[in-house]
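Structure record follows, encoded as structure tokens.
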Amino acid sequence: MRLNGEISHLWNEEAEEENERVSVISLPPPPPSKKLVVGYALTSKKVKSFLQPRLEGLARKKGIVFVAIDLSQPLLDQGPFDIVLHKLTGKEWQQILEDYWEKHPEVTVLDPPAAIQHLHNRQSMLQDVADLNLSDCYGKVGTPRQLVITKDPSSIADEVSKAGLTLPLVAKPLVVDGSAKSHELSLAYDEFSLSKLDPPLVLQEFVNHGGVLFKVYIVGDAIKVVRRFSLPDVNESELLNSTGVFQFPRVSCAAASADDAELDPSIAELPPRPLLEKLARELRQRLGLRLFNIDVIREHGTRDRFYVIDINYFPGLSKMPGYEHIFTDFLLSVQSKFKMRLSS
Ligand SMILES: Nc1ncnc2c1ncn2[C@@H]1O[C@H](COP(=O)(O)OP(=O)(O)OP(=O)(O)O)[C@@H](O)[C@H]1O
Ligand SMILES: O=P(O)(O)O[C@H]1[C@H](O)[C@H](O)[C@H](OP(=O)(O)O)[C@@H](OP(=O)(O)O)[C@@H]1O
Ligand SMILES: [Mg+2]
Ligand SMILES: [Mg+2]
């Protein structure tokens, strides 16, 4: 057993080291004459959190300039851009961007609006993970069983019983639109309380996972995993003695970092790197996205049974240690891949 412990310990160190050694392959910056122009359409909150001085400074050194897109002017009159980076909600912007892209196919759009739309619904968001049903020698990755509820609340208990879902259940707004409301989650302990919920929503089986969640950030080919505190496990007696629906705060936000916490290794051990690389490769391809993160939990008591519970488009990338290096290399790689496609 000790031997296994030693091996897993060694592996864990390697995994941690690998996680630290993000594959930052420094690409040559474009020639001084040709800057890489990145037009961005972001909320002021996102500009503040994402376009940090350390990113803009390093970008400038690498020949990359960020230019704010003026939403009060026609997009076609602006630029020229090599890349358009965006995270805005609403059909109007989606239409503007799609019209622009039709006239400028040479511009790289990060990421295509139709692909982003896929993550704006908590059912379609996880469908590719469920269809993938990843399982190999490193472990299994699935999604918790879940049920979409759009009808009147009084039918929820029957729907749950017909679907055979087990309590407790996490109730999540079906639509993810960047609003605070789309992050208002609740935990339902008993079936009689389900009628208090407010459809449309998705009811997802709660999976005990030791109170630690892994946020897997994907920026192009780069993968970076951080640990966050999460909801604590719900044991049998608590379940039997608890009733009601309880809204809970954003328990796994950046402030809830668990990277420096003293944790049980069986809970805190990072998911196997090869498993995450396969998952990321598949999801990049199936989702058609390059900027996203995946919330992964390990079923408590297992070593290699993982669940994806949430996927976020263009999340808080600046929370990734060394994001400025990862992101600027990603932008240069996008441009060089695009040029290779053009010349082939
Ligand atoms: N099926 C589940 N089993 C156990 N815990 C869960 C489950 N779903 C959600 N949670 C807990 O609730 C938190 C928020 O869930 P989720 O990530 O789906 O919501 P969100 O609003 O999309 O959050 P984010 O800020 O990551 O976008 C998770 O970090 C985790 O702590
Ligand atoms: O801790 P992370 O980086 O996951 O926090 C993200 C969160 O997951 C969501 O992606 C938020 O976006 P919305 O779903 O649109 O609210 C991000 O907010 P943002 O203002 O940075 O886009 C969080 O950073
Ligand atoms: Mg989440
Ligand atoms: Mg989310």
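Just follow the structure's listing: the first ligand is 1, and inside any ligand the first atom is 1. Here the structure is a predicted model, which is why all the values come from computation and not from measurement.
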field: Leu317 CG to Tyr323 OH distance, which is reported to the nearest 0.5 Å
entry: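 The distance works out to 8.5 Å.
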Practice item. Nearest 0.5 Å please: distance from the NZ atom of Lys91 over to the CD atom of Gln95. Key: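 Separation between the atoms: 9.5 Å.
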### Message
Under a 3.5 Å cutoff, is there a donor and acceptor pairing between the side chains of His86 and Asp111?
### Response
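Judged by distance alone, the side chains do not pair up.
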Under 3.5 Å: N or O atoms of ligand 2 paired with protein N or O:
{"residue": "ligand 2", "atom": "1 (O)", "partner": "Arg228", "partner atom": "NH1", "Å": "2.8"}
{"residue": "ligand 2", "atom": "1 (O)", "partner": "Arg228", "partner atom": "NH2", "Å": "3.4"}
{"residue": "ligand 2", "atom": "1 (O)", "partner": "Lys319", "partner atom": "NZ", "Å": "3.1"}
{"residue": "ligand 2", "atom": "3 (O)", "partner": "Tyr217", "partner atom": "OH", "Å": "2.7"}
{"residue": "ligand 2", "atom": "3 (O)", "partner": "Gly316", "partner atom": "N", "Å": "2.9"}
{"residue": "ligand 2", "atom": "3 (O)", "partner": "Lys319", "partner atom": "NZ", "Å": "3.2"}
{"residue": "ligand 2", "atom": "4 (O)", "partner": "Lys215", "partner atom": "NZ", "Å": "2.7"}
{"residue": "ligand 2", "atom": "4 (O)", "partner": "Asn293", "partner atom": "ND2", "Å": "2.9"}
{"residue": "ligand 2", "atom": "5 (O)", "partner": "Lys319", "partner atom": "NZ", "Å": "3.0"}
{"residue": "ligand 2", "atom": "8 (O)", "partner": "Asn312", "partner atom": "ND2", "Å": "3.3"}
{"residue": "ligand 2", "atom": "12 (O)", "partner": "Lys87", "partner atom": "NZ", "Å": "3.0"}
{"residue": "ligand 2", "atom": "14 (O)", "partner": "His183", "partner atom": "NE2", "Å": "3.3"}
{"residue": "ligand 2", "atom": "15 (O)", "partner": "Lys87", "partner atom": "NZ", "Å": "3.3"}
{"residue": "ligand 2", "atom": "16 (O)", "partner": "His183", "partner atom": "NE2", "Å": "2.8"}
{"residue": "ligand 2", "atom": "20 (O)", "partner": "Lys45", "partner atom": "NZ", "Å": "2.5"}
{"residue": "ligand 2", "atom": "21 (O)", "partner": "Lys46", "partner atom": "NZ", "Å": "2.9"}
{"residue": "ligand 2", "atom": "22 (O)", "partner": "Lys46", "partner atom": "NZ", "Å": "2.9"}
{"residue": "ligand 2", "atom": "22 (O)", "partner": "Lys87", "partner atom": "NZ", "Å": "2.7"}
{"residue": "ligand 2", "atom": "24 (O)", "partner": "Gly316", "partner atom": "N", "Å": "3.2"}
{"residue": "ligand 2", "atom": "24 (O)", "partner": "Lys319", "partner atom": "NZ", "Å": "3.0"}

message: Check this for me: does any side-chain nitrogen of one of Glu277 and Arg273 sit under 4.0 Å from a carboxylate oxygen of the other?
response: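 A salt bridge links Glu277 with Arg273.
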May I ask you to test the Lys172-Ile309 pair for a side-chain heavy-atom distance under 4.5 Å?
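Of all side-chain heavy-atom pairs linking Ile309 with Lys172, at least one is under 4.5 Å.
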query = Can you find a heavy atom in the side chain of Thr328 that is under 4.5 Å from one in the side chain of Leu55?
reply =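 They are in side-chain contact.
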- Task: List for me each residue that meets ring pair (Phe, Tyr, Trp, His ring centres under 6.0 Å) alongside Phe314, sequence neighbours excluded, and say none if there are none.
- Result: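 Phe50.
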Please say which of Asp295, Asp259, Asp260 ends up in a salt bridge (Lys or Arg N to Asp or Glu O under 4.0 Å) with Arg227.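 For Arg227, the salt bridge (Lys or Arg N to Asp or Glu O under 4.0 Å) test succeeds with only one of Asp295, Asp259, Asp260, which is Asp259.
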Whether Asp310 has an N, O or S atom under 2.8 Å from the Mg ion (ligand 4):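 Here the distance criterion (N, O or S atom, under 2.8 Å) is met by Asp310, so yes.
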Aromatic centroids of Phe246 and Tyr189 separated by under 6.0 Å =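 Ring-ring flag for Tyr189/Phe246: true, centres closer than 6.0 Å.
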With sequence neighbours excluded, residues passing side chain to side chain donor-acceptor pair (under 3.5 Å) with Lys140
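Result, side chain to side chain donor-acceptor pair (under 3.5 Å) vs Lys140: Ser135.
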- What residues sit with at least one heavy atom under 4.0 Å from ligand 1?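 Residue list for ligand 1: Arg122, Pro144, Val170, Lys172, His183, Leu185, Gln204, Glu205, Phe206, Val207, His209, Leu213, Lys215, Ser230, Leu231, Phe248, Arg250, Val251, Ser252, Asp295, Ile297, Ile309, Asp310, Asn312.
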